[in-house]
Amino acid sequence: MRIAEKLALAYPDAACSLVFSNPFQLVIATILSAQCTDKRVNQVTGPLFRRWPDAESLAAAAPREIERMIRSTGFYRAKARNIRGCAESIHARHGGEVPDRLEDLVKLPGVGRKTANVVLGTAMGRAEGIVVDTHVGRISRRLGLTSTREAVKAERELVAVVPKRHWIAWSHWLIEHGRAVCRARRPDCGRCVLGRLCRKVGVERPAAE
DNA sequence: ATCCCGAGGG
DNA sequence: CCCTCTGGAT
């Protein structure tokens, strides 16, 4: 529990920064957020959800038109295909409602384990695990919790070290820590609250203090 | 140049 | 395991 306590002090307000008003919108926004800042996602989701507010309407949208609206988020062709496919599946196979089980979410096009965990925890209040993105996976490796890149293993190890309630909040804390301090290159170890709790596995050159 | 709050496919 | 998809930020 030590790791979690220290992170809580360091990032008291960490939270999801995507703008959404229902689970459907969060699924779409989260898919768009891959390799892209939340700020830019929020810029495109405004017009996007005004034009296609629900699964039924997005499922019927012209792919070209979707691509045009989300271009600036990168990977726009794949993302357009995926969010439209999501809308189709949610509309046709789930009665227009986003499924609330991990196994069903992961079957939606463009939704992997990371996105599914974000949606469950953030929009449904049903977090089933810690969200492991590239940041969190890296932290897990440096802490010495995992040695491979398998997100599922990292998730299992972190779940064992973090309090059982509020997993989604802990996830946001970890993500923020990985982004701001435990960076991929030149991690700011001098500013890290974890201190000696970290084994610094593979940390070649920390930033000067 | 290099990396990113991924996922799918080989 | 590896690769690809893309634009934007730094």
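Convention: sequence-line order gives letters A, B, ...; per-chain numbering from 1.
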Query raised in the report: B:dG8 P sits how many Å from A:Ile83 CD1, rounded?
Result: 14 Å

Report task. Output yes when at least one side-chain N/O atom of A:Thr134 is less than 4.0 Å from OP1 or OP2 of B:dG6, else no. Result -> yes

Query raised in the report: A:Arg186 CZ to C:dT10 P: how many Å, rounded?
Result: 17 Å

Query raised in the report: For atom CZ of A:Arg126, is the number of surrounding heavy atoms from other residues, nucleotides or ligands below 6.0 Å larger than 12?
Result: no

Query raised in the report: CZ of A:Arg81 versus P of C:dT4: gap in Å, rounded?
Result: 16 Å

Query raised in the report: Taking NZ, NE, NH1 and NH2 as the nitrogens, is one of them in A:Arg68 or A:Glu65 under 4.0 Å from a carboxylate oxygen of the other?
Result: no

Query raised in the report: Do the side-chain N or O atoms of A:Arg40 get closer than 4.0 angstrom to the phosphate oxygens (OP1, OP2) of C:dA9?
Result: yes

Query raised in the report: If each of A:Asp133 and A:Lys107 is mapped to the nucleotide of DNA chain B with the nearest heavy atom, which maps nearer the 5' terminus, i.e. the 5' end?
Result: A:Asp133

Query raised in the report: For atom CD of A:Glu97, is the number of surrounding heavy atoms from other residues, nucleotides or ligands below 6.0 Å larger than 12?
Result: no

**Report entry** Nucleotide B:dG6, atom P - distance to CG of A:Asp38 in whole Å
**Finding:** 9 Å

Report task. Whole angstrom is fine here: how far is it from CD1 in A:Ile28 over to C1' in B:dG6? Result -> 15 Å

Requested in this report: May I ask you to verify if any side-chain N or O of A:Arg138 is less than 4.0 angstrom from the OP1 or OP2 atom of B:dC4?
Outcome: yes

Requested in this report: Map A:Gly110 and A:Cys16 onto DNA chain B by nearest heavy atom, then report which one ends up closer to the 5' terminus.
Outcome: A:Cys16

**Report entry** Electrostatic pair A:Glu157-A:Lys153, nearest N-O below 4.0 angstrom
**Finding:** no

Query - Options C:dC1, C:dG8, B:dG6, nucleotide nearest the side-chain atoms of A:Ser72 - result: C:dG8

**Report entry** Stacking of A:Phe75 on B:dG6 base (centres under 5.5 Å, planes under 30°)
**Finding:** yes

Query raised in the report: Are any of A:Thr115's side-chain N or O atoms less than 4.0 Å away from OP1 or OP2 of B:dA7?
Result: yes

Query raised in the report: In terms of side-chain heavy atoms of A:Ala34, which of C:dT6, B:dG6, B:dC3 is nearest?
Result: B:dG6

Query raised in the report: Given atom CG of A:Asn117 and atom P of B:dA7, what is their separation to the nearest angstrom?
Result: 10 Å

Query raised in the report: Distance check: side-chain N/O of A:Arg113 vs OP1/OP2 of B:dG6, anything under 4.0 Å?
Result: no

Query raised in the report: What does A:Val111 touch in the nucleic acid at a heavy-atom separation under 4.0 angstrom: a base, only the sugar-phosphate, or nothing?
Result: sugar-phosphate

**Report entry** Atom pair distance, as rounded to whole Å: CZ in A:Arg71 and P in C:dT6
**Finding:** 13 Å

Report summary line: Between CG of A:Leu26 and P of B:dG6 the distance, given in whole Å, is 14 Å

Query raised in the report: Is it true that A:Glu67 and A:Arg81 have a side-chain N and a carboxylate O under 4.0 angstrom from each other?
Result: no

Query - Any A:Gln35 side-chain nitrogen or oxygen under 4.0 Å from OP1 or OP2 of B:dG6 - result: yes

